[in-house]
Amino acid sequence: MLLSLVTVFLLLGTGQAQRTTSDFIMEYFQRQLQQLEGRLIKCEQDFQHFSRRMYDMSKEIHSETSKTNVLKSEVKGHIDTFALRLDRVERDVEYLHNKIPDAVQVDIEDSLLEQQVKEAKLKKTTVIAKGKDCSSEVVGIKSVKIVKKAGDANGSWMKDPIKGSAKIYFFSGTRNSTVLAYTSLKTFTEPNSTKKTEVIRLPFPWHGTAHVVYNGFVYYHNADTNNEILKVHLSNRTVADRLLLPGAGRMPAYSLNPHTLLDLAVDEMGLWSIHADPDFSGNLVITKLDHSSLAVEHTWDTNCNSRDAEAAFIICGTLYVVYNSHYGGRSSIQCLFDIHDTIYTESIPVLFFPKRYTSHSTLRFHPKDKQLYAWDDGYQTIYKLEIKKI
């Protein structure tokens with residue numbers, strides 16, 4: 001009996017020892033797993049911190065790269081502008097040099113010559129001779145005649161002032177390559193005028209509404225280019241000449257007509273171009289072009305700004321800029337620039353158009369008729385000008 005009790009106690013002691021050892025091992029492994037888990041969590045936190053730092057550094061590098069690219073573009077723009085200005089000064093200097101008589105030996109220092117060029121620009125002194133018929137100024141807009149409503153909201157229509165032809169040339173839209181020609185204004189206004197229309201296909205589409213017809217040629221802004229002017233023969237539809245107009249095409253010529261990057265005009269003195277210069281506070285720049293070769297004869301920086309301007313026209317070398325509001329209103333001539341300096345522009349009153357609500361995409365002056373052929377939100381309109389002798 002006593003032996004049996006001892007045996008039971010020994011068995012009970014062995015089981016208790018086995019349970020204590022197992023629990024110790026489990027606790028040990030749990031502590032190790034907890035430590036390993038803690039290390040893994042810290043490793044993950046360190047990795048996330050490192051990733052954030054790498055992302056922040058990447059953003060900083062990208063930001064600095066963008067700033068560098070912007071600065072690079074600005075520097076390039078300044079260099080291009082300086083080159084353009086230098087080219088203008090060189091042309092002015094060359095022209096003045098050629099105007100000095102050979103018989104008279106005049107010794108002018110370079111600095112004095114440059115100063116004369118600057119003074120000539122500030123005084124708006126012209127180098128283009130005034131035409132014999134140019135001794136007048138616009139003092140009012142007498143009447144308006146709505147001829148027809150046809151085509152898109154934007155476009156232009158005109159006659160050829162040199163040929164003396166009664167033909168009407170019709171340009172619809174801001175991008176097209178088809179010109180419609182009508183034999184006369186009467187034909188244009190007839191209900192079945194499309195049956196008597198001559199269709200002219202240009203070799204390249206135009207951009208905006210900057211087109212003029214002059215001496216049997218059409219001059220227009222070539223689409224998909226910033227500043228290329230094409231001269232196309234209306235008879236055989238071939239390109240006779242082309243010009244990349246310096247400085248043009250970097251902003252709209254008139255803020256209320258953003259589709260027109262450069263404009264063209266014809267007056268008693270010939271062919272002109274008009275564009276806005278972002279480096280000159282958005283003021284308009286006018287350029288006299290040789291209609292035969294498209295060579296630049298001279299360029300003037302004007303005091304007329306393109307902001308809130310909708311169109312412009314030139315008469316006898318005087319730029320008349322028409323302004324309006326973004327919502328459409330009564331158009332008015334509020335700024336003039338005379339290349340001959342014969343009109344005291346500061347004393348000219350604001351000239352209002354007779355129709356109260358207008359929105360012109362083009363105004364084409366006809367030197368013979370003394371009228372403006374306007375495109376007013378899809379309406380083809382004629383304004384008769386009141387012109388006074390100076």
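Any value given below was found using the heavy atoms of this structure, including those in side chains, with hydrogens, waters and symmetry copies removed.
Within the structure, side-chain hydrogen bond (donor to acceptor under 3.5 Å, both in side chains) contacts touching residues 206-218 (residues at least two apart or in different chains) are Thr209-Thr260. Identified under the side-chain hydrogen bond (donor to acceptor under 3.5 Å, both in side chains) test for residues 166-183, with sequence neighbours left out: Lys167-Glu198, Arg175-Asp224, Thr178-Arg201, Thr183-Thr187. Pairs of residues two or more places apart, or lying in two chains, that qualify as side-chain hydrogen bond (donor to acceptor under 3.5 Å, both in side chains) and include a residue from residues 139-148 are Lys148-Ser193. Among residue pairs with one or both ends in residues 42-75, none qualify as ring pair (Phe, Tyr, Trp, His ring centres under 6.0 Å); sequence neighbours excluded.
Applying the ring-ring contact (aromatic ring centres under 6.0 Å, His included) test to Phe313 and every residue at least two apart in sequence or in another chain returns Tyr320. Residues satisfying the side chain to side chain donor-acceptor pair (under 3.5 Å) criterion with Lys67, sequence neighbours excluded, are absent altogether. Evaluation of the salt bridge (Lys or Arg N to Asp or Glu O under 4.0 Å) rule for Asp308 yields no partner, not counting sequence neighbours. The side-chain contact (heavy atoms from CB on, under 4.5 Å) test applied to Ala253 returns no partner, not counting sequence neighbours. In this structure Asp279 satisfies the salt bridge (Lys or Arg N to Asp or Glu O under 4.0 Å) test together with Arg250, sequence neighbours excluded. Looking at residues two or more places apart in sequence or on another chain, you find a ring-ring contact (aromatic ring centres under 6.0 Å, His included) between His233 and Phe217. For Lys42, the salt bridge (Lys or Arg N to Asp or Glu O under 4.0 Å) partners two or more places apart in sequence, or in a different chain, are Asp46. Under the salt bridge (Lys or Arg N to Asp or Glu O under 4.0 Å) criterion, Glu228 pairs with Arg242, sequence neighbours left out.
The pair Glu268-Lys370 meets the salt-bridge criterion, with a side-chain N (NZ, NE, NH1 or NH2) lying under 4.0 Å from an Asp/Glu carboxylate O. We find that Lys384 and Asp369 are not joined by a salt bridge, their nearest charged nitrogen and carboxylate oxygen being 4.0 Å or further apart.
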